[in-house]
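Small disclaimer: the values here were computed from a predicted structure and weren't measured. Here is how names work: the chains are called A, B, and so on, in the same order as the sequence lines, proteins then strands, and each is numbered from 1.
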Amino acid sequence: MQGQEVALERLGMRFGEFTAVEPTDLTIKAGEFFSILGPSGCGKTTILRMVSGFQRPSEGRVLIGGQDMTALPPNKRPTALIFQTLALFPLMTIWENVAFGLEAQGVPKAQRRKRAEELLDLVALGGQEEKRPAQLSGGQRQRVAVARALAVEPAVLLLDEPLSALDLKLRQHMRAELKTIQRRTGVTFIYITHDQGEALAMSDRVAVMRAGRVEQVGPTEEIYNRPATSFAATFVGENNLFRGKTTRAEGGLAEISTPFGLLRGENADSLALGEEAMLFIRPERLAPARPEHDLRLKAQVERADLEGPFFNLFLRAGDQRILLQLPNEGATPPEGEMELGFSSRDARVLRAGALAHG
Amino acid sequence: MGEMIRFYGRFLTGLILALVAFWFCALILMPQISMIQRAFHYEARDGAAAQAVLEANRLQQRVATMEFDIRALEREVAAGGAGAAPAAPSPSNPFAGLPSPGAPRPGFAPSPGGAAAEAPEARLERLKTEREGLTASIAGARAEAQRLRAEEVAAQGWSLRNFTLMSPLHWRIFGLTLVYALCVTVLSFLVCYPIAYAAAQAKTPRRTALLLLALTIPYALNELLRIFAWTMILANQGLLNQTLDALGIIDLSQGGAVRWLASNGSVFLVMVYTYMLFMVFPIYGSLETLDRNQIEAAKDLGASSWRIHWRVALPHARPGVAVGAIMTFMLAVGSLSVPQLVGPGLHPDWFSQIVNRNFFESNNWNVGSAQALLLLVSCTIFIFLVMRIFRVGIREIAR
Amino acid sequence: MSAQTKAPADWSGVILKAYVALFLGFMFLPILLMAGAAFNANPTPSALDWRGFTTDWFTGRTDEAGRVLVRGLPQETRFLQGLKHSILIALGVIAISVPLGLAGALLLTRLGGRATGPLYTALVSPLLTPGIVLGVSTMIFWRDAFGVQAGLFTAMLAQSCFIASYCMLMFMARLQRQDRSLEEAALDLGASGFFAFRRVTLPYLAPTIVAASAIAFLQSNENYNTTFFAIGSSWTLVTEIGARMRFGVSPTINAIGVIFILLTVVFAALWAFSLRKKTA
């Protein structure tokens, strides 16, 4: 098994008037764990179906390992797909499920059985060969689906939100497991999800999609710390938003005027003076004002929710809602009015645009 | 289509298409086309031309016997004729007494009584003139036959004659059959709706299952056997009359048997019985999805049972009623078994029996096809009407 | 208040119950009468004019010399021959209408798009066509187009025409409940369309294939109107019963009815048993 590079060249999909995916260029490196992150209906599943061959793109090409796959049906592509529903064959035993791809290739039964056992061992399901899918737990079924997909030795493994049916604990466990399997096999993983936590936890790189368009592609830290658009800033993780017009732009920083005075942040979009802008600051970068903070504002604490290691402090300043994450150091959370501060290095000023939550 | 090939591959897709094409063409479309072809194709049989030819032949034969008489008379005259008995013309002229309508007919009537008095010479003269007259009529009859024949040949082929020449009686039967089928449909609905409602709204699933099972069991029996069972009840010495006798309403021993069989009433009754499931199950199917709470709520608001049905249950059952009505009407209008077996001697017949006779008794397939086509068209119209009235689509109908 | 609203509701409940009871009587009385007459020595089928219990109508009765005293089922060779024809036709109908129905259902559920509406209408139209028309048109088509005289073959085709529609509806119901991703998964794992169909879809459809075959068999044996017109001078058990009913009845018909009932009960019991076994 060896992962291969997947390249999308101006790949687009239109259904009549509706554009599901705008022409997109994207390269996923061989052996990479790549996630496509976006809300439902953003076109991520369409991309997946075009890569696996279930959907013919209305324009552009799909290349896998440098070879044009656009015209090939799914059964001729070196890809394997793990469905959201898992799509395990209910009437076959576990080992028959795993060996299905080999059976289709005409591999003799004894060999199939042996290979299935190896793969089931890989996903820690040894001894379950003769059971049927309905007799397994959700997490076990999950692993059978992975083993079945790996059995055909794909160069690219496509995963369509496979963890969404599992409960939180199991989901977290499976994240680690998938990551391990990916490392061990070296297969290129393309992982579709609307769960930003999942994407950040497992991936090497992430593409953030909105309305058929890729808004940002990059390593996970970059996606989180330096979002490229207002949508990416609000879809991935929590963010505080201040709106205003640019009043100054120099030295890589932009200053915007807000009801709370002038606020500054990294000028990521090279905004010019007078442009409508949005300033984002992560809740964990906000804190009760400290000397090193070059920006300050006053707000009223409305509520404090304990999340375990930290408190979520919900504050209000006029119409502005502010979220602040305060490390739980054993003290009771503050009440009433407080002064917040942050460093302009941690804030990001972007061109005003669409947000993830309305 | 492209997606199907991607899914099933060329071979399987081709096979699927071929099977469906065979089904549609060889089993559905082509037979209907053949039938329609025959329905609009007029076939001349026992027409006026054939009659005219027959008439000409008849005249020809009369001329031939006349020739015979003339020759005999001539011999007689030549021999002096004294004392010789005249050749009897009457046995040699067997057609004289037969009426021959439609053909010109000279006033020739041999009278054996007068023949004896007539002089042989005079008779010979008379016969000769008559022969001339007849020969002329033969030519006329042949010409007429040829004209009629040509007309019929021209009429053969595509025409509406199979419909326009259908007797008024048959049209009346056709109309009546439609009305009867409608009656059966309405009756069937009235009988079946409460049952479907009872099954759908039964207190426990077990009861529903039992009721449905009870409905289905008689249907394990063949349609004809179900009809047969009823003829045993309705027969003159059957259960119904015997019961009435025991109740003292009629007196069987005095020949007071009521003739239940061979009446439209019994045909309706047996049809309702025979095709009941086609009404019960669709209505049950749509009533089953009716939320019981809706009925409870309506009851709580003080609605009468009548109102509940009229305003809540029936509107909900709409698609089921439509399906039931369509199926029952279709089965009733085309039913041969029930009128044939419950009502032998029933007058007038049902239309299906007329069709049957055209195919298997008078061997007149084209007219039979025309009549079958009428049935098909009336069913189609009925389906469209029901779909319109009940506002349901074809997808809801065939389930 | 509540008493007032409840009283009429209870009344209508009582009326409904009484009606259901009456209705069931209406359903079963004829059947019971018919079964009764099968064991009555009276040669005119009747359950009332009782002339002693007999099973002669089932077994027939002959004297030592082999002369027939009572014509029972063994002597009714046309019935037996008709049964043979019926089974032959039914097997043919299964062989034709199950594949056709399956093909139609696959096409309709997988094709998508605008063509499915008219195609669906066309393929279910035989269900909405009077049987007489199906029989007549099939007879005419095969004679006019190929010179095939009406007989068992045309009867089989005429029946298949509408029984295939029944099968199709059954398959469609099953296919619509199928998880499409199962087939997709098979293809994705490198299976050919045919292999995926054989290994995934067909096993999924297996119970429906059995059910559709059973329905086809029953429908075929049950059918009178279509068969009567399409079978020409041949006959099936049912058309023979029809002919016999028109020209002089005999309790052998009742005997056949009893056998039908018994077979049904046995099959229903087996069916219920197999279901119980499956759930257990």
Side-chain angles (χ1 to χ4, degrees), chain A residues 15-16 45 48-49 51-55 72-93 96-107 112 116 119 132-133 141 144-162 165, chain C residues 98-99 102 105-118 170-214 271 274-280:
Chain A
F15 299 101
T45 299
L48 192 80
R49 292 180 68 81
V51 173
S52 58
F54 287 112
Q55 211 134 52
L72 290 184
N75 47 12
K76 301 263 161 59
R77 297 190 185 201
T79 59
L81 175 57
I82 293 179
F83 290 78
Q84 192 166 9
T85 58
L86 301 186
L88 296 183
F89 307 124
L91 301 176
M92 298 182 200
T93 60
E96 281 177 317
N97 259 285
V98 173
F100 182 87
L102 302 175
E103 188 185 341
Q105 291 165 15
V107 175
R112 292 202 310 259
L119 280 159
R132 284 181 201 271
R141 280 207 287 272
V144 174
V146 174
R148 184 179 71 175
L150 291 175
V152 292
E153 312 207 343
V156 181
L157 194 67
L158 307 159
L159 301 98
D160 186 7
E161 309 208 21
Chain C
V98 170
L102 179 55
L106 285 170
L107 192 61
L108 283 175
T109 47
R110 299 294 188 248
L111 192 55
R114 231 164 262 163
T116 48
M170 294 175 75
F171 283 123
M172 276 180 82
R174 178 89 175 157
L175 281 171
Q176 270 155 7
R177 272 180 287 133
Q178 190 197 15
D179 182 3
R180 279 296 288 278
S181 60
L182 288 182
E183 276 180 347
E184 291 189 339
L187 288 191
D188 190 63
L189 292 168
S192 67
F194 186 74
F195 186 81
F197 178 76
R198 187 173 69 75
R199 199 72 175 81
V200 176
T201 309
L202 216 50
Y204 173 75
L205 290 174
T208 313
I209 292 176
V210 173
S213 302
W271 184 264
S274 76
L275 281 186
R276 185 162 299 177
K277 215 171 168 188
K278 211 174 276 176
T279 53

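Proximity of A:Glu96 to A:Glu103: side-chain heavy atoms (C-beta onward) are nowhere separated by under 4.5 Å. Residues C:Leu187 and A:Pro73 have side chains not in contact (no heavy-atom distance under 4.5 Å, counting atoms from C-beta outward). Counting only heavy atoms from C-beta outward, the side chains of C:Val98 and C:Phe171 approach each other to under 4.5 Å. Looking at C:Leu175 and C:Thr201, their side chains come closer than 4.5 Å, going by heavy atoms from C-beta outward. Two residues are said to be in side-chain contact when any heavy atoms from C-beta on lie closer than 4.5 Å; A:Val152 and C:Asp188 fail this criterion.
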For side-chain contact (heavy atoms from CB on, under 4.5 Å), just list the numbers for A:Val144 and A:Leu86, CA-CA rounded to whole Å, side-chain angles, deciding distance to a tenth of an Å, and then say yes or no. CA-CA 9 Å; A:Val144 174; A:Leu86 301 186; over 6 Å; no

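For a residue to count as touching a neighbouring chain, one of its non-hydrogen atoms must lie under 4.5 Å from one of that chain's; by this rule C:Asp179 touches chain A with the side chain only. At a 4.5 Å heavy-atom cutoff, A:Ile82 makes no contact with chain C through either its backbone or its side chain. Interface residue A:Phe89: backbone and side-chain heavy atoms are both found under 4.5 Å from chain C. Both the backbone and the side chain of A:Leu81 come within less than 4.5 Å of a heavy atom of chain C. Residue contact with chain C, scored on non-hydrogen atoms closer than 4.5 Å, involves the side chain of A:Thr85 exclusively. With a threshold of 4.5 angstrom between heavy atoms, C:Arg180 does not approach chain A through any atom at all.
When the candidates A:Ala145, A:Ala149, A:Pro90, A:Ala80 are compared by the number of heavy-atom contacts under 4.5 Å with chain C, A:Ala80 comes out ahead. Listed options C:Ser181, C:Gly193, C:Pro203 were ranked by heavy-atom pairs under 4.5 angstrom with chain A; first place goes to C:Ser181. Interface check for chain C: of the options A:Met92, A:Arg77, A:Gln105, A:Gln84, the most heavy-atom pairs under 4.5 Å are formed by A:Met92.
For the atom pair CG of C:Leu102 and CZ of C:Arg174, the computed distance is 12.5 Å after rounding to the nearest 0.5 Å.
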